[in-house]
Amino acid sequence: MAHEVIMPKFGFTQETAEIVRWLKHEGDVVEQGEPIAEVTTDKVNMEVEAPASGILAGVRYREGEVVPVTQVIAYILQPGEVLPEEAVPSAKEVGEGAAPTEEDLLHVTPVAARLAEAEGVDLSQVRGSGPGGRITRKDVEAYLAARQAPPGKVRAVPAARRLARELGVDLGQVAGSGPRGRIQSEDVHRAHAAQVQAAPAVVAPAVEAAMAQPAAVSEVSGVRTPIAQAITLTGMRKVIAQRMQQSAQNAPHIHLEITVDATAAEALRARANQRLKEGQPKVSLTAVIARACAWALTQHPRLNAWLVSTSQGEQLLIPAQVNLGIAVAVDEGLIVPVVRDAARKNLLQLAGEIGDLVERARANRLKPEDVVEGTFTISNLGMFGIERFTAIINPPQVAILAVGSLRQEVVADTEGQIQVRPVFSLTLCADHRVVDGAVAARFLADLREALEQPEVMVV
């Protein structure tokens, strides 16, 4: 029996992944567990392994295509075994002994054509969601589901419905790529992009022409502007762009900022580094902040949460542990590896795990379990000299902490004496749908107390 190779799901909010490259090709002999393809999500590039030993066959997607999770992307056959019927075109579809024409390949997949013929579907009425508008089996299934559904009833996941309302997309005109034609968020994004492209524009043609020929000079609003380079957003960068846009549009962000006296935190870091054994990573200020943050989140669990869409509507889920995400800049974008159960770990343990995750993130050696189920994120740009900034929440989380650079400032102590102290800024960005300003303010106050008086964390 042919073994299906499916697109893995690396996180519970993930809906799609892009095939970066095939490491093995049609007809290659593969061993069970051997990497056969590299795919990317918004979090990390991962390898898809062969589920069995045999011959790779029936590759269904090309490099660069975005595939819904759990979809079959290829098969593993044993010698003499043939592909399942749904994976190959019939002789009737392609003509007796004839290869499919270029027109067939461009507009409809063989499986979609067979299903449409069996169900009596006029393919001219079906909107294609495949590359170049190609009609797939999912498109025909979606058309059938819409035709059979009660008036006004469209099969779509809750997140897709919410996104459609915000973008002004008619779900009745969207082809679903999910199971049984159910509409996913990615389908809504695709439909919205098509609407934007179809809308009348004056400047767009000139810009498009310039982008097609980077060396050319275009006329935009009367200004002749040379385009030096045209960069298409793909892979991780494309998914990051979509998720950040979705977060900025969906979540009403509130921002609260405090300044922390780092004297005690720096003293704690110095004492911890003195206790390190040879070869252990140094304790950074980020590790100290992570320790205080994990403690403060146990006092304010509403910020250590996920906001998700379920069949019962939107729900706030509060996990039983603190999984801290540490934002790391890599060449492809921003990746957020996760320190699990951070509140139960001491400062040296946190420093060691953070150092290991950062090193593996920059070497592209993270595993799927390293980047999922974060409950709160810390983003530190202090090493770049940024004193303060606001960050965008990483959904489905409901808050993110932005850390600024350590700097010297003149401050007055409790007795009014002027001193020069090391300080840094913390900016909390929270989802106002589930986090009120007072809740966020109390969290920041406790976080500052933990950093300025670390002993409160052990009392």
Side-chain angles (χ1 to χ4, degrees), residues 256-277 280-305 318-327 336-358 373-380 382 388 391 397-407 411 413-414 421-430 435 437-459:
L256 293 84
E257 180 186 319
I258 59 171
T259 299
V260 177
D261 184 332
T263 303
E266 283 291 85
L268 174 62
R269 185 163 74 96
R271 290 195 301 273
N273 281 326
Q274 289 174 356
R275 297 177 54 191
L276 293 178
K277 297 179 182 178
Q280 285 186 287
K282 291 287 187 180
V283 176
S284 64
L285 181 59
T286 296
V288 177
I289 295 171
R291 178 70 187 92
C293 193
W295 174 83
L297 287 170
T298 63
Q299 314 301 310
H300 304 276
R302 198 174 182 86
L303 286 125
N304 186 65
I318 301 180
Q321 63 186 39
V322 175
N323 296 336
L324 276 184
I326 307 297
V336 186
V338 176
V339 179
R340 292 180 174 275
D341 209 3
R344 295 183 181 272
K345 294 171 181 174
N346 62 38
L347 180 56
L348 295 183
Q349 289 174 319
L350 284 176
E353 285 199 36
I354 291 172
D356 174 65
L357 288 170
V358 170
E373 299 183 11
T375 58
F376 185 92
T377 296
I378 297 174
S379 179
N380 188 348
R388 53 180 58 83
Q397 297 171 25
V398 300
I400 184 172
L401 185 70
V403 182
S405 62
L406 191 66
R407 61 190 187 275
V411 297
D413 62 18
T414 56
R421 293 287 187 91
V423 300
F424 60 91
S425 297
L426 295 177
T427 304
L428 179 70
C429 308
V435 179
V439 174
R442 284 193 289 268
F443 166 79
L444 275 181
D446 282 350
L447 177 57
R448 175 164 57 188
E449 183 180 15
L451 289 165
E452 294 183 346
Q453 303 177 51
E455 61 274 12
V456 301
M457 292 187 282
V458 295
V459 173

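Values in this document were obtained by computation on a predicted structure and should not be read as measured data.
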**Message:** Checking Ser425 against Arg407 for the side chain to side chain contact (heavy atoms under 4.5 Å, CB included) test, could you report, in this order, the C-alpha distance in whole Å, the side-chain angles of both residues, the deciding distance, and whether it holds?
**Reply:** CA-CA 9 Å; Ser425 297; Arg407 61 190 187 275; 3.1 Å; yes
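- Inter-residue side-chain proximity for Thr286 and Val358 is flagged as unmet; no heavy-atom pair is nearer than 4.5 Å.
- For the residue pair Met457 and Ala292, the shortest heavy atom distance occurs at SD-CA, 3.6 Å.
- The main-chain N or O of Gly374 is found under 3.5 Å from a side-chain atom of Gln397 such that the two form a donor-acceptor pair.
- Side-chain atoms of Val288 and Glu266, non-hydrogen and from C-beta on, never get closer than 4.5 Å to each other.
- Using a 4.5 Å cut-off on side-chain heavy atoms (C-beta onward), Leu276 and Lys282 make contact.
- Interatomic distance, CG of Leu401 versus OG of Ser379, reported as 9.0 Å (0.5 Å rounding).
- Nearest approach of Ile318 to Pro301, heavy atoms of both residues: CG2-O, 3.7 Å.
- Between atom CZ of residue Phe376 and atom SG of residue Cys293 there is a gap of 4.0 Å, rounded to the nearest 0.5 Å.
- Gln321 contributes atom CD, which lies 4.0 Å from atom CG of Asp341 (distance to the nearest 0.5 angstrom).
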When the side chains of residues 439-454 are checked against the rest of the protein, which donor-acceptor pairs come out under 3.5 Å, sequence neighbours left out?
from, atom 1, to, atom 2, distance (Å)
Asp446, OD2, His300, NE2, 2.7
Arg448, NH1, Thr259, O, 3.4
Glu452, OE2, Asp261, N, 2.8

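- In this structure, Phe424 and Gly404 approach most closely via the heavy-atom pair CB-O, 3.9 Å.
- Across Leu285 and Arg269, no two heavy atoms sit closer than the pair N-CD, 3.4 Å.
- Considering only heavy atoms from C-beta on, Val423 stays 4.5 Å or farther from Val260 through its side chain.
- Residues Pro281 and Gly352 approach most closely at CG-CA, 3.7 Å, considering heavy atoms.
- To the nearest 0.5 angstrom, Ile326 atom CD1 is 10.5 Å from Glu353 atom CD.
- With respect to Val339, the side-chain contact (heavy atoms from CB on, under 4.5 Å) criterion is satisfied by exactly one of Val322, Ile354, Asp356: Ile354.
- For residues 287-298, the set of pairs meeting the side-chain hydrogen bond (donor to acceptor under 3.5 Å, both in side chains) definition, not counting sequence neighbours, is empty.
- A donor-acceptor distance shorter than 3.5 angstrom exists from the side chain of Asn273 to the backbone of Val283, with no hydrogens or angles considered.
- A distance of 6.0 Å separates CD1 in Ile289 from CG in Asn380, rounded to the nearest 0.5 Å.
- With sequence neighbours excluded, no residue satisfies side-chain hydrogen bond (donor to acceptor under 3.5 Å, both in side chains) with Arg302.
- The closest side-chain heavy-atom distance from Leu297 to Leu324 is below 4.5 Å.
- Here Arg340 pairs with Glu373 in a salt bridge; the nearest charged N to carboxylate O distance falls below 4.0 Å.
- Distance OG1/Thr427 to CD1/Ile400: 11.0 Å, rounded to 0.5 Å.
- No side-chain donor-acceptor contact under 3.5 Å links Asn323 to the backbone of Val338.
- When all heavy atoms of Ala287 and Leu347 are compared, the closest pair comes out as O-CD1, 3.6 Å.
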**Request:** Evaluate side chain to side chain contact (heavy atoms under 4.5 Å, CB included) for Leu303 paired with Leu428, printing each intermediate quantity in order.
**Result:** CA-CA 10 Å; Leu303 286 125; Leu428 179 70; 3.8 Å; yes
